[in-house]
Amino acid sequence: MPVKDRVKKAVAAAVGTSKPQPSTAPSPRYTGEEDLNAVALVLRVPAQAPWLEVEQELNAQGLTLGWVPACSSAHSLGALLEARASGWKSCLYGDLAAQCVALEAQLPDGTDVATRLVPRSAAGPDFKALLVGGRGTTGRIRRANLRVYHCPERTIFRTYACPSPAVAIACLTEMLHRGAMPAVAFVTLPGHAPHPESAPHPLLWVSFEGNRILTEARAAISDRLAQGLQCTAGIHLELQENPEQREQDALPDLWTTLPQSPLVQAPSLQLTLPWSELQHLLEQPLPPGVEAVVSHARHARGSLLLRTVVDQDIAPLKRALSALLASTAEDGNFSLDTITPEVARASTVFDCLRSPPPAGETLTGNPQQGKNVHD
Amino acid sequence: MPALHPGPNDPAYQAPAEASRETPGTTPSELKRELQYAPPPSLEQPVAHQDQDRVAHDAPIDVTDVKSDALSPPQRDVAREIFVARAPQNTSRSSHRGLTSGLKPSTRSLPPFLVALIDVLGQERVSISGPDLRVYARDLWPLPLLRALHGQQSPQPGVVVWPETELHIQEILRIARQHKLPITPYGGGSGVLGGAMPSPGGIVMDLKRMDRIIRLDATSGTVEVEPGVLGWHLEERLRGLGFTLGHFPSSLMTASIGGYAATRSAGQFSSRYGKIEDMVERISFLSASGERFDTGTPPLGIPGPDLAQLLLGSEGTLGVITRVVLRIQRAPQTARYRGIRFHTLEDGLLAMRRIMQAGFRPSVMRLYDELDTFLVGRGDKPLSEQSAAVPEEGHAASTAKASTEKPSMANTYLNAAKHQAQGLLDRFPQVARSAVRLALGRPALLEAATERFLPHDQLLIVGCEGEPEEVEASLPAMIALCTQAGGQDLGAEPGERWLRKRYDVSFKMPTFLYNGAFVDTVEVAATWERIPALYHAVRHAVSDQVMIMAHFSHAYPDGMSIYFSLGGSAETLEAAERRHSLAWSRALEVVAQQGATVSHHHGVGLMKAAQARLEQGAFVERWRVLKQQLDPDGILNPGKLFG
């Protein structure tokens with residue numbers, strides 16, 4: 001298979017549009033009848049189950065986890081949960097924690113615990129939060145109950161050329177706050193790979209997925225909002241439900257290259273800020289020798305993925321960004337390295353519940369120790 | 001009272017004006033102004049703490065709809081105190097002035113803790129007056145209300161304080177620690193499980209003067225508020241700026257943002273906007289030692305465990321919430337509502353599940369069981385007499401069959417009897433009192449009559465709001481899923497009627513209490529496959545003790561909530577309490593057996609503490625460790641949540 005086609009298939013898998021493949025295994029390893037609650041659409045999986053294997057098994061049954069890791073797809077679901085991973089489709093699905101209905105875990109003192117399998121509860125705090133994001137220090141996740149979804153009937157891609165980075169952010173946030181709910185969203189900047197050299201304006205990339213009616217409606221909303229902000233529609237692409245038709249769809253080059261970019265695959269720095277601050281930051285010139293893309297969009301904040309292309313040491317980049325942010329901050333006192341004392345204090349609350357992970361073990365079932373699983 | 005969800009013809013829901021075209025060279029900020037995307041300057045910057053910046057508090061709320069003629073004079077006095085206290089508070093400084101300020105007591109005669117409180121807060125923010133202590137002796141937990149109507153007062157706090165700043169709260173916490181006094185944070189007092197019941201002799205800290213809207217960030221879609229802002233006032237303010245929080249609990253008019261967060265509240269539109277935990281971006285709170293914490297995400301690096309999710313639902317036991325940053329949405333451009341009739345509960349539930357699992361996000365989706373459908377009166381005629389909607393394109397086949405069905409004579413007589421009875425009860429309060437007590441005192445008979453005579457109608461209310469493209473596409477598709485499951489489209493009227501009347505039920509409780517009966521609600525949640533069995537098991541378990549009906553709401557792709565309403569009566573207070581207690585314990589036992597949660601959005605308080613402890617199992621010990629770290633002296637709302 002030509003390299004380009006292989007890339008296309010990888011991207012299609014990443015954005016959830018891969019053609020469901022018939023399972024070759026005699027029985028599913030993770031998605032058997034005992035594991036899959038087909039009425040509530042909840043899957044109970046062991047923590048060490050790799051995301052990719054689970055997703056492929058579900059795809060064979062016309063289902064999907066929806067959530068897609070932005071790091072290696074070989075990571076285990078337990079590791080991704082303990083890292084509170086965000087994922088490519090954070091706009092639509094939230095982080096992996098949001099997909100977790102219930103957890104079974106072992107606490108540092110050896111006690112086995114389980115949260116009740118219920119859609120929502122107000123019977124006290126959500127104790128899943130003790131474990132998710134704890135990196136194994138507040139308890140080791142053994143099993144997780146995750147929501148699963150029907151495979152999208154339709155996926156629509158849109159790319160808009162925007163007058164400025166600030167307008168691109170405004171356009172994206174309007175979509176988010178008016179219920180258009182893209183699944184994946186990026187903003188790329190001229191002069192910053194992987195932005196195409198031929199495109200002189202910032203580009204907003206969004207994809208919509210789900211049932212046919214809702215997906216088309218959301219794409220129509222996004223077109224209207226973008227038009228109102230003078231953003232010019234570029235590449236439109238619709239992936240069809242019919243697999244044969246889907247094979248004929250040509251993924252635009254940028255959609256194939258963006259998720260494979262070194263910038264996205266191995267970000268040196270991920271700066272997460274409220275949209276208003278991110279918008280303000282992008283109005284300033286970024287430090288020279290830096291590649292940047294906006295990603296991991298959530299309702300109220302997004303991330304700027306940054307990578308220095310001239311120096312392997314990110315310290316100069318951090319210094320430059322700190323200076324830039326300090327110059328634009330109202331009180332002139334913003335630093336990347338010092339978060340507010342109140343936020344820092346909040347993280348220490350959990351110290352009383354932590355125990356160091358056993359020697360030689362960092363994350364539950366993490367097949368690639370040392371790799372970045374935070375997003 | 002202004003409508004927060006105006007009807008489809010309301011000017012607020014007219015299609016948005018076509019965005020004006022930008023001329024070449026327009027800057028982004030100019031463009032934003034043209035499109036009205038920027039918030040008004042007054043909210044771009046932190047709002048000064050001045051009275052003129054406050055939310056308008058002049059919305060009149062009628063809480064006088066009470067049949068007080070039926071009461072003896074002493075009962076009337078108690079009742080007035082109870083229900084006036086629950087009225088939406090005017091939160092201007094003067095209205096919350098402590099009564100001690102008028103009395104000018106000699107501080108030498110006061111206990112040291114009170115002297116200390118007056119020293120740091122001033123007399124106008126401290127009260128030990130009898131009426132204040134009685135008012136703050138309870139929240140809306142039905143049990144103490146029932147007792148109060150029989151002349152049994154709840155234990156009172158020792159003092160009520162109204163802090164206005166974080167510094168005030170820190171000082172109150174310091175004094176409480178010093179004197180080993182328990183503190184009960186108090187928002188709107190609309191909780192129904194005793195979560196805001198004070199510790200006898202302790203401090204009630206009413207946060208309603210902490211009611212500033214600090215900052216609205218239009219680009220990020222967030223608003224930062226203090227905990228005492230009432231949900232109603234915040235929503236009014238947001239609507240005026242083109243936004244919505246999307247949170248509409250039945251207690252909207254009295255509950256505060258801090259109360260929402262402390263109990264994991266849910267609103268009627270949760271299927272679209274989520275519960276309060278989905279709306280909270282970050283929380284600031286003070287531990288018992290007065291240390292300030294912020295659950296915000298660090299700009300760099302990897303977030304650890306989400307402390308906000310542990311504060312949400314902690315009911316004031318881990319800290320005092322001082323600021324909340326909430327995610328807000330653009331106000332919907334259009335909204336449409338429908339009523340769908342189902343002959344069986346299972347068909348209605350199937351339709352709801354299919355809608356949620358297809359990915360639709362209805363703003364409202366509520367299925368009423370047959371008794372709730374009949375009693376609460378979703379229309380002037382029984383559903384069987386309501387004509388089907390004019391078939392929309394694509395729905396002709398599904399509605400044609402339904403529209404040929406004729407109402408039975410029994411249904412017609414039943415409905416006529418209901419309206420005649422209502423008229424009689426309105427005119428003769430003493431008769432009403434006897435009738436209510438008589439009917440609710442024989443729940444088994446009522447249950448049998450329900451099964452034998454009531455029409456098998458279950459009404460589903462479906463609403464859709466948002467951008468026009470989504471609403472116009474989604475609603476017909478959702479109706480199609482309903483008709484495929486056996487539903488009959490009744491058109492817009494039942495849905496729009498529900499919209500107009502959706503808060504009325506919150507004001508029904510006084511009517512029952514004044515008539516010598518009690519009412520209560522039990523809201524639980526489970527995954528889809530457990531819902532039918534859970535519903536029938538709870539009904540079966542309690543129907544010999546209380547009248548029970550339910551509606552199914554707050555739907556998610558994986559499950560939903562059931563909201564049971566209980567009504568009962570007995571000759572004496574002791575007998576009524578026994579009946580109430582038995583119904584509750586049986587219901588919650590069944591809920592646990594069925595693998596459901598004992599609370600979906602009312603929280604735990606005192607009433608569900610034992611069952612919540614069982615449900616959370618070993619996590620309760622983890623909570624105690626956290627509690628020990630944040631509140632080592634155990635002064636924060638002791639006895640609540642897990643005890």
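Chain letters run A, B, ... following the sequence lines, proteins first and then strands; every chain starts at 1. Just so it is clear, the model here is predicted, and its values are computed rather than measured.
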| request: With A:Ser276 as reference, evaluate B:Thr222, B:Asp217, B:Thr219 under the side-chain hydrogen bond (donor to acceptor under 3.5 Å, both in side chains) test and give the passing residue. | output: B:Asp217
| said: Heavy-atom cut-off 4.5 Å, strictly under: side chain, backbone, both or neither for B:Arg613 against chain A? | reply: neither
| Inter-residue atom distance B:Asp558.CG - A:Arg147.CZ, 0.5 Å rounding | 4.0 Å
| query | Considering only heavy atoms, which portion of B:Ala555 lies under 4.5 Å from any heavy atom of chain A: side chain, backbone, both, or neither? | reply | neither
| task | Please check if the side chain of A:Arg178 supplies one atom and the backbone of B:Gly466 the other of a donor-acceptor pair under 3.5 Å. | result | no
Show which side-chain atoms of residues 617-628 of chain B pair as donor or acceptor with protein atoms under 3.5 Å away, not counting sequence neighbours.
| residue | atom | partner | partner atom | Å |
| --- | --- | --- | --- | --- |
| B:Lys627 | NZ | B:Thr317 | O | 2.7 |
| B:Lys627 | NZ | B:Asp631 | OD2 | 2.8 |
| B:Lys627 | NZ | B:Leu636 | O | 2.9 |

| note | Residue from A:Ala123, A:Ala40, A:Ala122 scoring the most non-hydrogen pairs under 4.5 Å with chain B is A:Ala122
| field | Portion of B:Gln629 that has a non-hydrogen atom of chain A nearer than 4.5 angstrom | value | side chain
| Per-residue contact mode, B:Leu311 against chain A (heavy atom under 4.5 angstrom) | neither
| field | Part of A:Leu304 lying under 4.5 Å from any heavy atom of chain B | value | neither
| request: Mind checking the CD-CZ spacing from B:Glu469 to A:Arg218? Nearest 0.5 Å is all I need. | output: 12.5 Å
| message | Is B:Phe360 in contact with chain A via its backbone, its side chain, both, or neither, using a 4.5 Å heavy-atom distance? | response | both
| said: Would you say that B:Leu312 contacts A:Asp126 through its side chain, given a criterion of any heavy-atom pair below 4.5 Å between the two side chains? | reply: no
| said: A:His150: which residues meet the ring-ring contact (aromatic ring centres under 6.0 Å, His included) condition with it, sequence neighbours left out? | reply: none
| field | Pick from A:Ala97, A:Gly124, A:Gly302 with the largest number of heavy-atom pairs that fall under 4.5 Å of chain B | value | A:Gly124
